[in-house]
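Lettering follows sequence order; numbering is per chain, from 1.
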There are 2 protein chains.
Amino acid sequence: MQKARASKNSPEQKKFPDKLFYKIGEVSRLTKVESYVLRYWETEFPFLRPRKNKSGQRVYIRKDLDLILRIKELLYDQKYTIEGVRLRLETEGTREPKEVQEDNENAAISPGSLQYIKNRLREILQQF
Amino acid sequence: MQKARASKNSPEQKKFPDKLFYKIGEVSRLTKVESYVLRYWETEFPFLRPRKNKSGQRVYIRKDLDLILRIKELLYDQKYTIEGVRLRLETEGTREPKEVQEDNENAAISPGSLQYIKNRLREILQQF
DNA sequence: GCTAACCAAGCTGCGCTACGCCCCGATTTA
DNA sequence: TAAATCGGGGCGTAGCGCAGCTTGGTTAGC
């Protein structure tokens, strides 16, 4: 009952101070991701491109923070590659979980024929 | 109506020749994964460890082929890291083990000979 | 004086890949 | 039937290339 995957109004949202803009240092502290990693991610994720102010400093907004946390989770917890994260986040709006039900194990001898079994037995014996 | 009969051999299943054992070269051809990659995966995925026959050659079974295709999809399509695939497959296996129903289709075979063959089969399988 | 920007170069280890030797099984020869 | 030959796998391991940071150097704003 505690958490339901950090959505729009989850209590976890509270941990970010209520301000409109964040500089890279703040973002780094809040998300526990080093500044240089944030700068690097920018080169890898086209959808993580904060604006810059007059003097060229990055200006992050709340949405960026959520995105950063999501990337962090996919990369470090779920262990996707950067490309995997990119793929996944780009197609995330497309809600299609693709539930592929695994087949059961039908490995063994099922068809009811003595001849069938004997053939398989020979096959096995050839292994030796 | 016809689904009752088609359950065991779904269309996808047909792509593998119907045999019990495969050598690494065959597996490589069937799954389109190089032999040396298969050997490498063995060092990374504890659940992909084919038996070896007397001469030390790997002996894969059908279940391994399915597993290999699954790994391939996670690695190359979804772009997980190897560790990510491992995590995912290890927790995925914690589903329902699915009770295996068996031995009720043997009516046509004379009970005596079937039992003999099964015993012999087990005996052989122990050799691996 | 701290923080940020940019760029280049360096580092680590993941995920193969190449290499050299060995063995199996089919065919030939005796 | 056995022995000999031989080519196409199969084996394990060392080496390699690049993904993903990480560091260092320099310049500039608050």
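If you find the closest nucleotide of DNA chain C to G56(B) and to Y80(B), the one lying nearer the 5' end belongs to Y80(B). Between R29(B) and R58(B), the residue whose closest nucleotide on DNA chain D is further toward the 5' end is R29(B). Along DNA chain D, the nucleotide nearest N53(A) and the nucleotide nearest Q57(B) are compared for position; the residue whose nucleotide lies closer to the 5' end is Q57(B).
Distance CD1 (I24(A)) to P (dA28(D)): 20 Å, rounded to an integer number of Å. Atoms OH (Y40(A)) and P (dT22(D)) sit 11 Å apart, rounded to a whole Å. Put simply, CD on E26(B) is 14 Å from C1' on dG8(D), counting in whole angstrom units. As a whole-Å value, the separation of K79(B) NZ from dA19(D) P is 11 Å.
With D66(A) contributing its side chain and K63(A) its backbone, the two residues share no donor-acceptor pair below 3.5 Å.
Ranking dC21(D), dA4(C), dC6(C) by closeness to the K23(A) side chain, first place goes to dA4(C). Closest to the W41(B) side chain, of the nucleotides dG10(D), dC24(C), dC16(C), is dC16(C). Nearest to the side chain of S55(B), among dA5(C), dC24(C), dC21(D), sits dC24(C).
Remark: Y76(A) is in phosphate contact with dC21(D), judged by side-chain N or O atoms under 4.0 Å from OP1 or OP2. Distances shorter than 4.0 Å separate some side-chain N or O of K52(A) from OP1 or OP2 on dC6(C). Contact annotation: Y36(A) side-chain N/O to dT22(D) OP1/OP2 distance is under 4.0 Å.
At most 12 non-hydrogen atoms from other residues, nucleotides or ligands lie less than 6.0 angstrom from CZ of R51(A).
Looking at heavy-atom distances under 4.0 Å, T81(B) makes contact with sugar-phosphate atoms alone, never a base. Across all strands, R39(B) comes closer than 4.0 Å to base atoms (heavy-atom distances).
Between E26(B) and K23(B) there is no salt bridge, since no side-chain N of the basic residue sits under 4.0 Å from a carboxylate O of the acidic one. Taking 4.0 Å as the cut-off between side-chain N and carboxylate O, R39(A) and E42(A) do not count as a salt-bridged pair.
In the hydrophobic clustering of this structure, L87(A) does not group with Y76(A); members are Ile, Leu, Val, Met, Phe, Trp, Tyr whose side-chain heavy atoms approach within less than 4.5 Å, directly or through other members.
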